[in-house]
Amino acid sequence: MLQISRNVIISDSEIEISAIRSQGAGGQNVNKVATAIHLRFDIKASSLPDFYKQQLLKLSDNRITQDGIIIIKAQEYRSQLKNKEDAISRLKQLIKSAVVVKKKRKPTKPSTSSQKRRVDAKKKRSQIKFNRGKVSDE
């Protein structure tokens, strides 16, 4: 069982985990042992609350297919068990990040005094650069 929050729990039967051969360096071990993990989780068929499903399907994440299936490939570690734990924690993190309500931005304006200070600083800098120019003979 994967506990997302106090009320939201995903059963192990909803998560499809398969072991595959890992890519990259590793000598003979990489050709013999299937240490990488391929995790598949169907959002639409899951027991997640509707709000979670909607938020996950709205995400523009490469790991979510158009059919609403999350695919995570974990192959960082040499151990199958560590890769499995990594894949499950990444799934949990993805689901949690989808339902975080983002704080609404309040549009603000710079104060009148800060605007005045900015313009004065620009004028002063402009004068300094102007004084570096050629000197006239008048």
Side-chain angles (χ1 to χ4, degrees):
M1 288 231 235
L2 178 63
Q3 181 139 10
I4 305 298
S5 67
R6 289 183 197 161
N7 302 330
V8 181
I9 297 171
I10 299 173
S11 69
D12 293 334
S13 61
E14 295 178 30
I15 301 170
E16 183 185 322
I17 295 175
S18 56
I20 56 173
R21 287 192 184 151
S22 194
Q23 294 176 328
Q28 292 177 349
N29 196 48
V30 79
N31 299 325
K32 294 188 293 186
V33 184
T35 55
I37 294 294
H38 206 246
L39 182 143
R40 295 173 65 86
F41 177 72
D42 191 353
I43 299 169
K44 295 175 182 174
S46 69
S47 63
L48 287 173
D50 290 334
F51 175 72
Y52 279 69
K53 289 180 184 181
Q54 290 169 2
Q55 295 300 101
L56 278 168
L57 292 171
K58 276 187 205 173
L59 283 180
S60 59
D61 197 310
N62 294 349
R63 297 172 288 185
I64 302 174
T65 64
Q66 299 226 329
D67 301 331
I69 296 172
I70 298 174
I71 299 173
I72 296 174
K73 184 177 180 183
Q75 60 180 8
E76 187 176 342
Y77 303 101
R78 289 185 175 209
S79 145
Q80 191 181 82
L81 182 64
K82 280 187 179 179
N83 281 330
K84 182 178 178 183
E85 290 169 358
D86 181 42
I88 290 172
S89 69
R90 282 164 47 191
L91 174 67
K92 184 176 181 178
Q93 187 178 16
L94 177 67
I95 294 170
K96 277 187 172 183
S97 70
V99 295
V100 172
V101 179
K102 291 174 182 71
K103 193 174 171 184
K104 194 159 188 171
R105 182 187 174 277
K106 288 183 191 172
T108 58
K109 289 188 217 171
S111 65
T112 310
S113 60
S114 72
Q115 286 178 335
K116 187 177 183 314
R117 282 193 306 269
R118 179 180 157 273
V119 171
D120 289 343
K122 285 171 78 73
K123 284 180 184 174
K124 185 177 176 185
R125 187 75 185 147
S126 169
Q127 191 61 42
I128 290 170
K129 288 188 173 191
F130 178 75
N131 290 340
R132 290 183 192 154
K134 293 182 181 177
V135 180
S136 61
D137 292 333
E138 295 175 22

Handout entry: Sequence-distant partners of Ser79, side chain to side chain donor-acceptor pair (under 3.5 Å), two or more places apart
Key = none
Handout entry: side-chain contact (heavy atoms from CB on, under 4.5 Å) assessment of Ile17 paired with Ile88
Key = CA-CA 9 Å; Ile17 295 175; Ile88 290 172; 4.0 Å; yes
Fill in the blank from the handout: When every non-hydrogen atom of Ala19 is compared with those of Ala34, the smallest separation belongs to CB-O, 3.7 Å
Completion exercise
Nearest heavy-atom approach of Ala36 to Gln75 is CB-CB, 3.7 Å
Practice task
Kindly indicate whether the side chain of Gln80, heavy atoms from C-beta on, has any atom under 4.5 Å from the side chain of Ile37.
Solution key: yes
Do any side-chain atoms of residues 95-106 form donor-acceptor pairs under 3.5 angstrom with protein atoms, and if so which ones, sequence neighbours left out?
{"residue": "Ser97", "atom": "OG", "partner": "Gln93", "partner atom": "O", "Å": "3.3"}
{"residue": "Ser97", "atom": "OG", "partner": "Leu94", "partner atom": "O", "Å": "2.8"}

Handout entry: Smallest separation among heavy atoms of Ile15 and Phe41, with atom names
Key = CG1-CD1, 4.0 Å
Problem - Donor-acceptor contact present, side-chain Arg63 to main-chain Lys73, <3.5 Å - result: no
Exercise for the section: Run the salt-bridge test on Asp86 and Lys82 with the 4.0 Å N-O cut-off and return the result as yes or no. Expected result: no
Practice task
Considering only Ile, Leu, Val, Met, Phe, Trp and Tyr, and joining two whenever side-chain heavy atoms are under 4.5 Å apart, list the other residues clustered with Val119.
Solution key: none
Exercise for the section: Any chance you could pull the hydrophobic cluster mates of Ile69, using side-chain heavy atoms under 4.5 angstrom and chaining through other members? Expected result: Ile71
Handout entry: Counterpart residues, salt bridge (Lys or Arg N to Asp or Glu O under 4.0 Å), relative to Asp50 (two or more places apart)
Key = none
Fill in the blank from the handout: Applied to residues 114-128, the side-chain hydrogen bond (donor to acceptor under 3.5 Å, both in side chains) test, sequence neighbours excluded, yields Ser111-Ser114, Lys116-Asp120, Gln127-Asn131
Exercise for the section: Determine, using the 4.5 Å side-chain heavy-atom cutoff (strictly less than), whether Phe51 and Leu59 are members of one ILVMFWY cluster. Expected result: yes
Problem - Same apolar cluster: Leu57 and Leu91, side chain cutoff 4.5 Å - result: yes
Exercise for the section: Assess whether atom NZ of Lys84 is packed by more than 12 heavy atoms of other residues, nucleotides or ligands within 6.0 Å. Expected result: no
Handout entry: Under 3.5 Å donor-acceptor, Asn83 side chain and Glu76 backbone
Key = yes
Problem - From CG (Asp42) to NZ (Lys53), nearest 0.5 Å - result: 9.0 Å
Completion exercise
Value for CZ (Arg90) from CD1 (Ile72), rounded to nearest 0.5 Å, stands at 6.0 Å
